[in-house]
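Only one structure is covered here, and it is reproduced in the block below.
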Amino acid sequence: MPTLKHPSARSIGSVDAQRVEDALALIAPKWTTWTAQTLAQQGHPMRVREVAARLPFIGEQLVGKRLAQMQADGLVVRTGSRFGAPYQLSEVGESLPPVHRALSDWSQSTLSLGKVAGAERVEDAVRRLSRRHTTSVIQVLDTGPTRFVDLADEAGLDTNATWYRLHQMQRDGLVVQTDSRFGAPYTLTDAGRALGPVYEAVSHWSNPAVARRGPSAPVPVATAARSHASVPLGSDGGRTAAALRRSAAVPSDLFSHAPQPQPRVPAAVTAQSAQGRGR
């Protein structure tokens with residue numbers, strides 16, 4: 001697995017962990033990336049059935065529920081008030097490409113997932129990073145190996161929450177203990193140390209005070225089937241992969257339409273995130 005250059009402590013430690021968490025929670029629900037990138041690829045308002053036709057492995061009812069939630073979160077808007085009015089990306093949704101690109105690049109460079117569709121790679125990365133307190137734990141460990149008691153204290157977590165989060169982060173390939181001794185310090189893996197660009201992109205996207213850069217290049221989509229992964233996809237990864245393999249209509253490229261100007265994100269965007277969604 002390639003080893004990335006360790007990003008500066010400032011690139012991870014200086015971000016607002018709660019802002020990052022809230023922003024990731026907006027795009028964490030399953031199929032959000034697939035839906036957003038389908039709308040972006042088509043470049044015009046789409047009805048639920050039209051989106052579902054592009055994503056037949058999801059199902060029209062679930063597509064409708066996902067679009068309704070994305071509307072509540074400010075990622076899409078409807079082009080009219082009548083029943084069945086088409087959806088299109090909002091200004092917030094249109095500004096997602098740099099975030100998707102950062103997540104995809106991080107996944108490709110640090111996780112051995114095999115051949116995975118680009119949108120699924122992004123969703124897998126978000127699942128690993130959007131769980132509550134993950135960013136805070138990574139910020140503490142970015143300063144160096146830390147023992148459990150000190151980690152809990154510095155991250156402001158109780159013992160149970162710390163154990164639970166560290167166990168999940170180990171499964172996700174983000175942290176590891178320095179050796180097999182009981183009580184050995186925890187440290188970031190190469191994947192955890194490489195998160196600086198991801199946090200910068202997410203923080204930039206969620207910060208209304210920062211002017212938008214242009215969108216990143218399109219996120220390429222590989223074949224939907226995945227090979228053996230040393231760090232597995234999320235708990236529903238097998239079900240997702242099976243659904244994708246059954247579909248012959250997986251988009252071959254996402255965010256391939258002409259770039260649009262990148263607006264500022266409204267200040268209320270992170271406040272719209274439900275506290276526990278996507279974790």
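We're numbering straight along the sequence, starting at 1. Everything numeric here is computed off the predicted structure, so don't read it as measured data.
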Practice task
Check for a donor-acceptor pair, side chain of S130 on one end and backbone N or O of V126 on the other, with a separation under 3.5 Å.
Solution key: yes
Completion exercise
G192 and I138 have their tightest heavy-atom pair at O-CG2, 4.4 Å
Completion exercise
Taken to the nearest 0.5 Å, the spacing of K65 NZ from I58 CD1 works out to 13.5 Å
Exercise for the section: Of all the heavy-atom pairs spanning V99 and A201, show the shortest one and how long it is. Expected result: CG2-O, 3.7 Å
Practice task
Measure from the side-chain N and O atoms of Q177 to the backbone N and O of A184, and report whether any donor-acceptor pair falls under 3.5 Å.
Solution key: yes
Practice task
Start with the C-alpha distance between R193 and D190, add both sets of side-chain angles, then the distance that settles salt bridge (charged side-chain N to carboxylate O under 4.0 Å, His left out), and finish with yes or no.
Solution key: CA-CA 5 Å; R193 286 191 294 270; D190 287 345; 2.3 Å; yes
Exercise for the section: Assert yes or no for the condition that the ring centre distance of Y199 to W106 is strictly below 6.0 Å. Expected result: no
Exercise for the section: Could you check if a side-chain atom of T35 sits within less than 4.5 angstrom of a side-chain atom of V76, using non-hydrogen atoms only? Expected result: no
Exercise for the section: Indicate yes or no: at least one non-hydrogen side-chain atom of D105 is less than 4.5 angstrom from one of R101. Expected result: yes
Handout entry: Flag side-chain contact, heavy atom, 4.5 Å: L96 against I27
Key = yes
Problem - Atom of A191, atom of L111 and distance for their closest heavy-atom approach - result: CB-CD2, 4.3 Å
Practice task
Check whether any side-chain N or O of T134 sits under 3.5 Å from a backbone N or O of R131 as a donor-acceptor pair, and report yes or no.
Solution key: yes
Exercise for the section: Decide yes or no for M46 and P86: does some side-chain heavy atom of the first lie under 4.5 Å from some side-chain heavy atom of the second? Expected result: no
Practice task
Could you state whether V149 and Y164 fall into the same hydrophobic cluster, counting links through intermediate Ile, Leu, Val, Met, Phe, Trp or Tyr residues with side-chain heavy atoms under 4.5 angstrom apart?
Solution key: no
Exercise for the section: State, yes or no, whether a side-chain contact exists between W31 and L55 at a heavy-atom distance under 4.5 Å. Expected result: no
Problem - Whether S206 side chain and A23 backbone form a donor-acceptor pair below 3.5 Å - result: no
Problem - Any side-chain heavy-atom pair of Q139 and V15 under 4.5 Å - result: yes
Exercise for the section: Report the C-alpha distance between R121 and S107 in whole Å, list the side-chain angles of each, state the deciding distance to 0.1 Å, and finish with yes or no for side-chain hydrogen bond (donor to acceptor under 3.5 Å, both in side chains). Expected result: CA-CA 7 Å; R121 183 177 290 278; S107 175; 2.8 Å; yes
Completion exercise
In short, T32 meets P29 closest at the heavy-atom pair OG1-O, 2.8 Å
Fill in the blank from the handout: Heavy-atom nearest pair, L89 first then A36, reads CD1-O, 3.8 Å
Exercise for the section: Decide whether L141 and F148 are clustered together by the hydrophobic rule: side chain heavy atoms of Ile, Leu, Val, Met, Phe, Trp, Tyr closer than 4.5 Å, transitively. Expected result: yes
Problem - Validation row: L195, L129 side chains within 4.5 angstrom (heavy atoms) - result: yes
Problem - No-hydrogen, no-angle side-chain donor-acceptor test under 3.5 Å, Q37 and H100 - result: yes
Problem - Cluster link F57 to V122, ILVMFWY, side chain under 4.5 Å - result: yes
Practice task
Taking the side chain as every heavy atom from C-beta outward, state whether L151 and L166 have any atom pair closer than 4.5 Å.
Solution key: yes
Exercise for the section: Would you sort out whether E123 and R128 count as a salt bridge (charged side-chain N to carboxylate O under 4.0 Å, His left out), showing the intermediate values? Expected result: CA-CA 9 Å; E123 292 208 343; R128 296 171 194 263; over 6 Å; no
Exercise for the section: Would you please test V92 and W205 for side chain to side chain contact (heavy atoms under 4.5 Å, CB included) and show each step? Expected result: CA-CA 8 Å; V92 178; W205 175 66; 3.5 Å; yes
Problem - R54 side chain to Q41 side chain, donor-acceptor N/O pair below 3.5 angstrom - result: yes
Problem - D73 side-chain N/O to L75 backbone N/O, donor-acceptor pair under 3.5 Å - result: no
Exercise for the section: Walk me through it: do V175 and T187 pass the test side chain to side chain contact (heavy atoms under 4.5 Å, CB included)? Expected result: CA-CA 6 Å; V175 305; T187 188; over 6 Å; no
Handout entry: Side-chain donor/acceptor of Q170 to backbone N/O of V176, under 3.5 Å
Key = no
Exercise for the section: Kindly say whether L174 contributes a backbone atom to a donor-acceptor pair with the side chain of D172 at under 3.5 angstrom? Expected result: no
Output a table of donor-acceptor pairs, distance under 3.5 Å, between side-chain atoms of residues 152-163 and any protein atom two or more places apart or on a different chain; print 'none' if there are none.
residue, atom, partner, partner atom, Å
D158, OD1, N160, N, 3.3
D158, OD1, A161, N, 2.7
T162, OG1, D158, O, 2.8

Exercise for the section: Mark yes or no for whether T38, through its side chain, and W34, through its backbone, hold a donor-acceptor pair below 3.5 Å. Expected result: yes
Handout entry: Minimal non-hydrogen separation, V77 against S90, with atom names
Key = CG1-CB, 3.9 Å
Practice task
Examine distances only and state if a side-chain atom of R147 and a backbone atom of Y186 form a donor-acceptor pair shorter than 3.5 Å.
Solution key: no
Practice task
Look up atom CE in M169 and atom OG1 in T189, then write down how far apart they are to the nearest 0.5 Å.
Solution key: 8.5 Å
Problem - Exam field: side chain R127 to backbone A28, donor-acceptor pair closer than 3.5 Å - result: no
